[in-house]
There are 2 protein chains.
Amino acid sequence: MVVEHDLTEDDVDRIFHALADRTRRDVLGRAIGREQSVSALARQYDMSFAAVQKHVAVLERAGLVVKEPRGREQIVHANGPTITQAVALLDQYEQLWIDRANQIATILHTEKE
Amino acid sequence: MVVEHDLTEDDVDRIFHALADRTRRDVLGRAIGREQSVSALARQYDMSFAAVQKHVAVLERAGLVVKEPRGREQIVHANGPTITQAVALLDQYEQLWIDRANQIATILHTEKE
DNA sequence: CTAACCTACAACCATATGGTTGTAGAACAC
DNA sequence: GTGTTCTACAACCATATGGTTGTAGGTTAG
């Protein structure tokens, strides 16, 4: 299995910030469904091309998406590994929570004896 | 199993925005590890009490944390279910990605025949 | 070649964000 | 009662964010 390189706190900031906007989440979803150009994406939103271009740039800086030049177009691909890393991050918090809940349950159980 | 009520897009915005700041992620981690007052949390950071108070408020609006009044203190508890919902959200994107990757693999396999 | 298309990027604007200090009230300690 | 602690909240400031329009360059179509 390939070792994923560790994310810096800045990386994590960028990932969650990128996901904290509904337009960007929608762009990511569409990019996962079908790779498409920035202008093809832009046509699907009620905002300027430049605005969508900026959203794509935010997703790109977060590593959630990759742009591949194709002639005059830039094809936007979703970047699976980063999504997986984001899931792993949240899983850590959930696991902390579960561990803590178990710990408390154990203490309660001990005190009952 | 209890039905988790659906998150609005605003809810999701708030959750990811709350997670997009390292101080808030750290506060959440500490709150998971041990429930503590806002001032106890504030003492652990090199910023004003008011600043930490605002970060806790952001986590609270996102539902990641709950404040319980205890005398003159407000005890900050982590809220597990919201963390679980956040994981589920990201899992959806990851699953979309996996489904898409499988679909592409299938097409490639078909074309090879 | 010329026109249309796709992208990049700058400039600008309103609002949000993350920090500060200061004021004020409620609860506890003595 | 008095002073200290904990919290809430307002006001303020610098910067970031999400949107706009406009300009300019590279690519494709006719």
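Chain identifiers are assigned alphabetically (A, B, ...) following the order of the sequence lines, protein sequences preceding nucleic acid strands; residue numbering begins at 1 within each chain.
- Taking atom CZ on B/R70 and atom P on D/dC6, their separation rounds to 14 Å, with Å as the unit.
- Nucleic acid contact class of B/R24 (heavy atoms, under 4.0 Å, all strands): sugar-phosphate only.
- The CD-P distance, from B/E60 to D/dT7, rounds to 12 Å in whole Å.
- The distance between atom CZ of B/F16 and atom P of D/dT17, rounded to the nearest whole Å, is 18 Å.
- Under a 3.5 Å cut-off, the side chain of A/Q36 and the backbone N or O of A/R34 do form a donor-acceptor pair.
- A side-chain N or O of B/D11 and one of B/T8 form a donor-acceptor pair less than 3.5 Å apart.
- Considering only the side chain of B/S48, C/dT20 comes nearest among D/dG18, D/dT21, C/dT20.
- A/R43 comes within 4.0 angstrom of the backbone, heavy atoms only, and of no base.
- Rounding to whole angstrom units, CD1 of residue A/I75 and C1' of C/dC5 are separated by 14 Å.
- Between A/D99 and A/Q95, the side chains place a donor N or O and an acceptor N or O closer than 3.5 Å (distance only, hydrogens not considered).
- Using a 3.5 Å distance cut-off with no hydrogens or angles, the side chains of A/D26 and A/T23 do not pair a donor with an acceptor.
- OP1 or OP2 of D/dA8 sits under 4.0 Å from a side-chain N or O of B/K67.
- Residue contacts for B/S39: at a heavy-atom cut-off of 4.0 Å it reaches the sugar-phosphate backbone alone, with no base atom in range.
- Computed from coordinates, the B/R61 CZ to C/dG18 P distance equals 10 Å when rounded to whole Å.
- When each of C/dT20, D/dT7, D/dT20 is scored by its nearest atom to the side-chain atoms of B/F49, the top-ranked nucleotide is D/dT7.
- The side chain of B/Q53 contributes an N or O atom lying less than 4.0 Å from OP1 or OP2 of D/dA8.
- B/S37 comes within contact range of the sugar-phosphate backbone alone, with a heavy-atom separation under 4.0 Å but no base atom that close.
- Below the 3.5 angstrom threshold, one finds no donor paired with an acceptor across the side chain of A/R72 and the base of C/dT7.
- In this entry the distance linking NE2 of B/H55 with P of D/dA8 reads 16 Å, nearest Å.
- Listed candidates were D/dA11, D/dT7, D/dG18. Nearest to the side chain of B/K54 is D/dA11.
- We find that CG of B/D21 is positioned 12 Å from P of D/dT17, with the value rounded to whole Å.
- Residue B/E68 contributes atom CD, which lies 15 Å from atom P of C/dA27 at whole-angstrom precision.
- Side chains of A/R30 and A/Q44: a donor on one and an acceptor on the other come within 3.5 Å.
- Considering only side-chain atoms of A/H17, the nucleotide from D/dG19, D/dT7, D/dT17 that sits closest is D/dT17.
- Each of A/V52 and B/V38 was assigned the nucleotide of DNA chain D with the nearest heavy atom; the assignment lying further toward the 5' end belongs to B/V38.
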